[in-house]
Amino acid sequence: MNQRKKFELIRWLYFVLLFFLCSTVIVILSELVIGPAFQWLLNDTPYQLPTLNRVSRMTLVILLISFSAGTISWYHEKRISGR
C-alpha cells in the first residue's frame with residue numbers, strides 16, 4: 001500500500017471513529033440519563049433499562065450512521081482539498 005492510500009485510509013478511519021464516538025455518547029446520554037430523568041419527572045414511573053433487542057438495534061443504527069457519515073465527510077473533505 002503506497003503512502004497516499006495509507007493516508008486516505010487513516011483519514012477515513014478518523015472520520016468514521018469520530019462519528020461513532022459522538023453517536024455513542026448521544027445515545028448513551030439519551031437512553032440512560034435524559035430519558036429516565038424525563039420519565040421520572042413527568043410520569044413518576046420507575047425506569048427499566050432497554051432490552052437486549054433494543055440495544056442491538058441501537059448498536060446497528062449507530063454503526064451504520066457512523067460508517068455513512070464518516071464516509072461522506074471523508075469524501076467531501078477529499079474533494080474540497082483537491083487530493
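- The cluster map of Ile, Leu, Val, Met, Phe, Trp and Tyr, joined by side-chain heavy atoms under 4.5 Å apart, puts Leu64 and Leu17 in different clusters.
- The closest side-chain heavy-atom distance from Phe7 to Gln3 is not below 4.5 Å.
- Between the OG1 atom of Thr59 and the CG atom of Leu52 there is a distance of 9.0 Å, given to the nearest 0.5 Å.
- Across all their heavy atoms, Thr71 and Val16 have their closest contact at N-CG2, 4.3 Å.
- Taking NE2 of His76 as the start and CD1 of Ile80 as the end, the distance is 4.0 Å to the nearest 0.5 Å.
- Between atom CD1 of residue Ile62 and atom SG of residue Cys22 there is a gap of 11.5 Å, rounded to the nearest 0.5 Å.
- Annotation: side chain of Thr51 is in contact with side chain of Arg54 (closest heavy-atom distance under 4.5 Å).
- Checking side-chain atoms of Ser68 against main-chain N and O of Ile65 turns up no donor-acceptor pair under 3.5 Å.
- Shown are Trp12, Phe20, Trp74; of these, the ring-ring contact (aromatic ring centres under 6.0 Å, His included) with Phe67 is made only by Trp12.
- We find the CD-CG distance between Glu8 and Asn2 to be 10.0 Å, quoted to the nearest 0.5 Å.
- No donor-acceptor pair under 3.5 Å is formed between the side chain of Ser73 and the backbone N or O of Gly70.
- In the hydrophobic clustering of ILVMFWY residues, with side-chain heavy atoms under 4.5 Å counting as a link, Leu13 and Phe19 come out apart.
- The hydrophobic clustering, which links ILVMFWY residues whose side-chain heavy atoms are closer than 4.5 Å, places Leu63 and Val55 together.
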Evaluation steps, side chain to side chain contact (heavy atoms under 4.5 Å, CB included), between Arg11 and Lys78: CA-CA 9 Å; Arg11 193 78 175 153; Lys78 183 178 174 182; over 6 Å; no
